[in-house]
**Q** 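Take a look at this one; I'll ask things after.
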Amino acid sequence: MFNPIQYSSTYINSVLKDGFRTSKNKNYNSMLIKEFCKKIGVKYGVTVSSGTAGLHTALLSLELKKNDEVIMPAITMSAVLYAILLIGAKPIFADVDRETMCISTESIKSKITNKTKAIISVALYGLSPDLTTIKSIIKKKKEKIFLIEDNAECLLAKHNNKLVGSFGDISMFSFQSSKMLTCGEGGILVSNNKKLINNAKIYSNLGYYLRTTNYKTNRKNLQHTNFKRHKLLGLNYRLSELGAATVLGQLRNVNKILDYRKKAGQDFKKIIEEYSFVKTQKIKKNNTHSYWAFAVIFKNEKIYKLFKKKFNKNGGDYFYGCWLPPYKEEFYLRLKKKKQTCNIAEELQKKTIQLKTNYFDKIELDKQIKVLKVTLDHIQNIVNQ
C-alpha cells in the first residue's frame with residue numbers, strides 16, 4: 001500500500017543523525033518555507049506547531065485591538081473561533097453559500113461594520129470560497145480589513161485559475177495528521193506582506209527579536225547579563241526540525257499524494273450524481289477541489305438517517321458528521337455571548353456528512369465506492385415506494 005511518509009525517510013534520518021542540530025546549509029524549516037512559498041506563489045512564510053497556532057499567530061500579527069470584529073464562516077472546525085477569542089476579538093458569524101457550503105459573500109456584506117478588522121475564509125473540505133468577490137468587498141471599504149485564508153483542508157486547489165493561499169493578506173495551511181501533507185501536528189503561514197510575516201515570526205518564536213543584520217545574535221552577545229532577547233510577549237509555536245523534514249519530503253512529491261485524494265473525491269462524485277436525493281459541494285467555473293474530504297449533502301434529515309443506519313452495516317468506512325456551527329458548541333455557550341444565528345448553515349449542517357478520501361489502497365477505495373452505491377440504491381428503493 002502507498003505510504004506518503006516514505007518520501008520523508010531520508011530527511012527524517014538526517015535530523016536524527018545530526019541530533020536535531022541545524023546549520024546554515026541544513027535547516028529543514030528554512031527549506032520547507034522556501035519551497036512551500038514557491039509552490040503557492042508567495043514571497044514569505046513561517047512554520048508553526050499547528051494550524052490552530054497559525055491562525056492565532058496570524059491574528060496576533062495583525063495587531064488587532066480588544067473587541068475588534070472578525071468575520072468567520074458558520075460551518076468550520078471551532079479552532080477558527082478559538083483563535084479569535086484568544087486575542088480578545090469579537091467573532092461575527094457569516095452564513096454559508098447553499099451550493100458550496102463555503103462562506104457566503106452576501107452574508108459577509110451584511111455583517112461588515114466599522115468595527116470589522118478581518119475576515120477569515122475557510123476552504124471547506126478542500127474547496128475555495130469566492131475569494132475574488134471577498135477581496136472586492138474589502139477593497140470598497142474605507143477602513144483596512146485583512147483577509148486571512150484558512151486552508152487547513154486545502155492544498156494546491158485553484159480559485160479563478162490562481163492557487164488558493166495567494167489571495168489573503170496572510171494564509172494558513174495545516175500539517176495535522178489527517179491533512180494532505182503531515183507531520184502529525186504542524187502548519188505554515190504564507191504571505192506577500194513581509195511585515196505581517198515578520199510579526200508572525202516574532203509572536204510564534206517566544207517574542208524573540210528577529211535575527212537581522214541590525215541585530216547581533218552571535219554567541220558572545222549571549223554572554224552579557226544585560227542582553228535583551230524578547231521584544232514582546234510571544235508563544236512557543238515553533239515547528240520542530242523533525243516535523244519540517246517530514247513535510248519537506250512529502251512536499252517534493254505532493255502531486256503523487258494529492259492524486260489519491262482527488263481520485264477518491266471524483267469517484268464518489270460520479271456515484272452520487274446518479275441520485276436526486278443527494279449532492280455534494282458545487283465546484284464553480286475556474287475552481288478546483290483538492291478533496292481533503294468529500295461532502296455528502298442529503299435532501300433531508302430522514303434520508304441522512306437512512307444512510308447512517310445502512311452505510312456502516314454494508315461495510316462502509318467511518319465517516320464524520322458535519323461540525324456544529326461553532327456558536328452552538330458548549331465552550332462558546334458558557335461564555336454567554338450574544339446569540340448569533342446562520343439559517344443556511346444550520347439547515348445544511350443537520351444533513352451533511354464527510355467521507356474520507358485518504359485511500360492509498362485501490363482495493364479499499366473500490367470497496368468504499370461499491371458500498372456507497374449499494375447504500376444509495378437501498379435508499380432509492382425506499383424513496384420510490
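No experiment lies behind these values; they were computed from the predicted model shown.
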**Q** Can you tell me if Asn27 uses its side chain to pair, donor with acceptor, with the backbone of Ser30 under 3.5 Å?
**A** yes
**Q** Can any side-chain N or O of Glu185 pair as donor or acceptor with the backbone N or O of Leu239 at less than 3.5 Å?
**A** no
**Q** Without hydrogens or angle criteria, can the side chains of Asn160 and Thr132 be said to hold a donor-acceptor pair below 3.5 Å?
**A** yes
**Q** Can a side-chain donor-acceptor contact be found between Thr375 and Asn314 if the only test is distance below 3.5 angstrom?
**A** yes
**Q** Is any NZ, NE, NH1 or NH2 atom of the basic residue among Lys279 and Glu99 found under 4.0 Å from an Asp or Glu carboxylate oxygen of the other?
**A** no
**Q** If you count heavy atoms of other groups shown closer than 6.0 angstrom to CG of Leu335, is the number above 12?
**A** yes
**Q** Is it true that Glu347 and Arg98 make a salt bridge, defined as a side-chain N closer than 4.0 Å to a carboxylate O?
**A** yes
**Q** Salt-bridge test for Lys263 and Asp267: reply yes if a basic N is under 4.0 Å from a carboxylate O, no otherwise.
**A** yes
**Q** Under the 3.5 angstrom rule, does the side chain of His230 hit a backbone N or O of Leu206 as a donor-acceptor pair?
**A** yes
**Q** For Arg261 and Tyr291, indicate whether the former's side chain and the latter's backbone hold a donor-acceptor pair under 3.5 Å.
**A** no
**Q** Please check if the side chain of Thr182 supplies one atom and the backbone of Gln176 the other of a donor-acceptor pair under 3.5 Å.
**A** yes
**Q** With no hydrogens and no angle check, just 3.5 Å: does a side-chain donor-acceptor pair link Tyr260 and Thr357?
**A** no
**Q** Without swapping roles, check the side chain of Gln281 against the backbone of Thr100 for a donor-acceptor pair under 3.5 Å.
**A** yes
**Q** Would the distance check show the side chain of Gln250 and the main-chain N or O of Pro4 forming a donor-acceptor pair, the cut-off being under 3.5 Å?
**A** no
**Q** Hey, are Glu241 and Tyr11 close enough side-chain-wise for a donor-acceptor pair under 3.5 Å?
**A** no
**Q** Honestly, is Lys337 close enough over Tyr332, meaning NZ or CZ under 6.0 Å from the six-membered ring centre and within 45° of the axis?
**A** no
**Q** Kindly say whether the aromatic ring centers of Phe319 and Phe307 come within a distance under 6.0 Å.
**A** yes
**Q** Does the side chain of Tyr318 pick up a donor-acceptor pair with the side chain of Asn312 at under 3.5 Å?
**A** no
**Q** Set out, in order, the CA-CA distance, both residues' side-chain angles and the distance that settles ring-ring contact (aromatic ring centres under 6.0 Å, His included) for His56 and Tyr82, then state yes or no.
**A** CA-CA 8 Å; His56 188 198; Tyr82 294 165; over 10 Å; no
**Q** Can you confirm whether or not the ring centre of Phe36 sits under 6.0 Å from the ring centre of Phe173?
**A** yes
**Q** Give a yes or no on whether the backbone of Cys342 and the side-chain of Tyr327 come within a donor-acceptor separation of less than 3.5 Å.
**A** yes
**Q** Return the CG to CD1 distance between Leu365 and Ile369, rounded to the nearest 0.5 Å.
**A** 4.0 Å
**Q** Glu69 vs Lys111, test: salt bridge (charged side-chain N to carboxylate O under 4.0 Å, His left out). Steps then yes/no.
**A** CA-CA 10 Å; Glu69 293 179 356; Lys111 301 288 183 176; over 6 Å; no
**Q** Is atom CD of Glu364 surrounded by more than 12 heavy atoms (other residues, nucleotides or ligands) closer than 6.0 Å?
**A** yes
**Q** Hey, is Asp169 close enough to Lys144 for a salt bridge, meaning N to O under 4.0 Å?
**A** yes
**Q** Using a cut-off of 6.0 Å, state whether more than 12 heavy atoms not belonging to Lys305 lie near its atom NZ.
**A** no
**Q** So does Glu273 pair up with Lys269, basic N to acidic O under 4.0 Å?
**A** yes
**Q** Inspect the surroundings of CZ in Phe360 and state if more than 12 heavy atoms from other residues, nucleotides or ligands are less than 6.0 Å away.
**A** yes
**Q** Regarding Glu35 and Lys39, does a basic nitrogen lie under 4.0 Å from an acidic carboxylate oxygen?
**A** no
